[in-house]
Amino acid sequence: MKILGIESSCDETACAIVENGTHVLSNVVNSQIDLHAQYGGVIPEMAARSHIEAITPVIKQALAEAKMDWSDIDAIAVTDGPGLSGSLLIGTLAARTLAITQNKPLYGINHILGHFYANFLTSPNLTLPILALTVSGGHSQLALFKNDQIIILGQTGDDAVGEAFDKIAKIIGLPYPGGPAIDKASLDGDSGRFKFPHPKLKNPYDFSFSGLKTAVLRQAQKLIGKDYTFPSAEIAPLLNKQDQLDLAASFQKTAIDILVEKTKLASQNYNINKVALGGGVAANSLLRKNMQAEFETVFMPEIKFCTDNAAMIASFGYFWSQNHQPSDPLTLTIKPTGTEYCQK
Ligand code: KG4
Ligand code: ZN
């Protein structure tokens, strides 16, 4: 079964064709990173406008790269949430229109859960149950994927972990997106120089990174001899290089320790020693290294399938289609908050 996936929830316009949920026939990603980098973050209106320009060429390219036309496609899967409303609208409207005009079944797909399915593209023989840690710019989530059920154990309470990487990078003067920049800078920094706190939460599987972000901000203000009222946007030029690198490394170590600790706790309590990573932050070198050191079996998508892409959406679409009815292309709506996750 060949599924054409469409992804447009944030700042990537993407289309991919995947066979039977595992075999990637084409994978096209048009990133808007350069567009947003000059503002240090995603501007929603600009993202939506860019999706409008890119969506048709990206879909055409995905078909061309797979050397296919619409007669070869069995179904369409599209991200319908969570994400930016304007961005989600472009992908879902394109998918709905194509489902009607090309007469194909349509599946609305949850983006966060979709990140987990990126693992099937790299490890087609992966079996459930498995514990999945999905960490991205918009979300942090621990979920238990069973054969007949997806149980969300915990999720983001405030800033997602990727968002914390991006915001800290901005404060200490590293480029956008902050994740890869902090990952690289940390190699030359002392991760033991600053000790930042781990949050205590009622649900131990939930995530909160805004406290860590504030702790790093306070430390940066202290290093330049200013108090807490000093504007975060004016810190970077006053910070010396070694302080910048040590802040990056100490922050990264704390954030990754928190992620590994929570996954370990869930693994012990649910008696599952098999873990999968997903989402943009799953590209982080320290997270990948520490997870492998901690768990017997760790699945990790290839880096290109960690960040937003449509192949993971097509893969989830395939598995979802095995025991679900298609969505109605006339009424499929966007779910920007994504709280209505796909419960099997
Ligand atoms: O999954 P993704 O492409 O988009 C969302 O669904 O949010 O994730 C993007 C996030 C950004 O916050 C980016 O800084 C982070 O993933 N990221 C990383 C790394 N590469 C990307 N964070 C830490 N280390 C990395 N190497
Ligand atoms: Zn994502």
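Note that ligands are numbered from 1 as they come in the structure, with each ligand's atoms numbered from 1 the same way. Bear in mind the structure is a predicted one, so any value in this text is a computation, not a measurement.
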I need the nearest protein heavy-atom contact for atom 2 (P) of ligand 1: residue, atom name and distance, please. Asp308 OD1, 3.3 Å
Nitrogen or oxygen of His115 less than 3.5 angstrom from that of ligand 1: yes
Does any N or O atom in Phe165 lie less than 3.5 angstrom from one in ligand 1, N or O only? no
So, Asp190 side chain and Asp246 main chain: donor-acceptor pair closer than 3.5 Å or not? no
Indicate yes or no: does an N/O atom of Gly162 lie under 3.5 Å from an N/O atom of ligand 1? yes
Is the shortest side-chain N to carboxylate O distance from Lys2 to Asp72 below 4.0 Å? no
Using a 4.0 Å cutoff against the non-hydrogen atoms of Gly138, which atoms of ligand 1 qualify? 7 (O)
Short list, please: which atoms of ligand 1 are under 4.0 Å from a heavy atom of Ser136? 1 (O), 5 (C), 6 (O), 7 (O), 8 (O)
Could you tell me which atoms of ligand 1, counted from 1 in the order shown, lie closer than 4.0 angstrom to a heavy atom of Thr307? 3 (O)
Looking at atom 18 (C) of ligand 1, what's its closest protein heavy atom, distance included? Gly179 CA, 3.4 Å
Is it the side chain (CB and beyond), the backbone, both or neither of Asp183 that lies under 4.0 Å from ligand 1, heavy atoms counted? side chain
Between Lys262 and Phe207, is NZ or CZ placed under 6.0 angstrom from the six-membered ring centre and within 45° of the ring axis? yes
Among the N/O/S atoms of Asp308, the Zn ion (ligand 2) lies closest to OD1
Examine the proximity of ligand 1 to His111 and report which part, side chain or backbone, both or neither, has a heavy atom under 4.0 Å away. side chain
Taking atom types as modelled and ignoring hydrogens, do the side chains of Asp158 and Ser208 form a donor-acceptor contact shorter than 3.5 angstrom? yes
Regarding Cys10, does it place an N, O or S atom less than 2.8 Å from the Zn ion (ligand 2)? no
Between Phe316 and Phe319, does the ring-ring contact (aromatic ring centres under 6.0 Å, His included) criterion hold? Intermediate values first, please. CA-CA 5 Å; Phe316 191 6; Phe319 290 105; 8.4 Å; no
Looking at ligand 1, does Cys10 have a heavy atom less than 4.0 Å from it? no
Please determine whether side-chain hydrogen bond (donor to acceptor under 3.5 Å, both in side chains) holds for the pair Asn290 and Glu294, giving the CA-CA distance in whole Å, both sets of side-chain angles, and the decisive distance to 0.1 Å. CA-CA 6 Å; Asn290 289 2; Glu294 202 59 58; over 6 Å; no
Residue pair His115 / Asp308, side-chain donor-acceptor N/O under 3.5 Å: yes
Is there a donor-acceptor pair closer than 3.5 Å between any side-chain N or O of Ser321 and the backbone N or O of Tyr318? yes
Give me the nearest non-hydrogen protein atom to atom 21 (C) of ligand 1 as residue plus atom name, then the distance to 0.1 Å. Gly280 O, 3.3 Å
Return the residue, atom name and 0.1 Å-rounded distance of the protein heavy atom closest to atom 7 (O) of ligand 1. Gly137 N, 2.8 Å
Heteroatom of His111 nearest to the Zn ion (ligand 2) (N, O or S, atom name): NE2
Sole candidate of Leu144, Ile130, Thr297, Leu128 that passes side chain to side chain contact (heavy atoms under 4.5 Å, CB included) when paired with Ile272: Leu144
Tell me whether Arg49 is salt-bridged to Glu53, with the criterion being a basic N under 4.0 Å from an acidic carboxylate O. no
Parallel, tilted or perpendicular for Phe251 and Phe165, by the 30°/60° rule? perpendicular
The protein heavy atom nearest to atom 24 (N) of ligand 1 is Asn284 ND2, 3.0 Å
Protein heavy atom at shortest distance from atom 14 (O) of ligand 1: Asp166 OD1, 2.7 Å
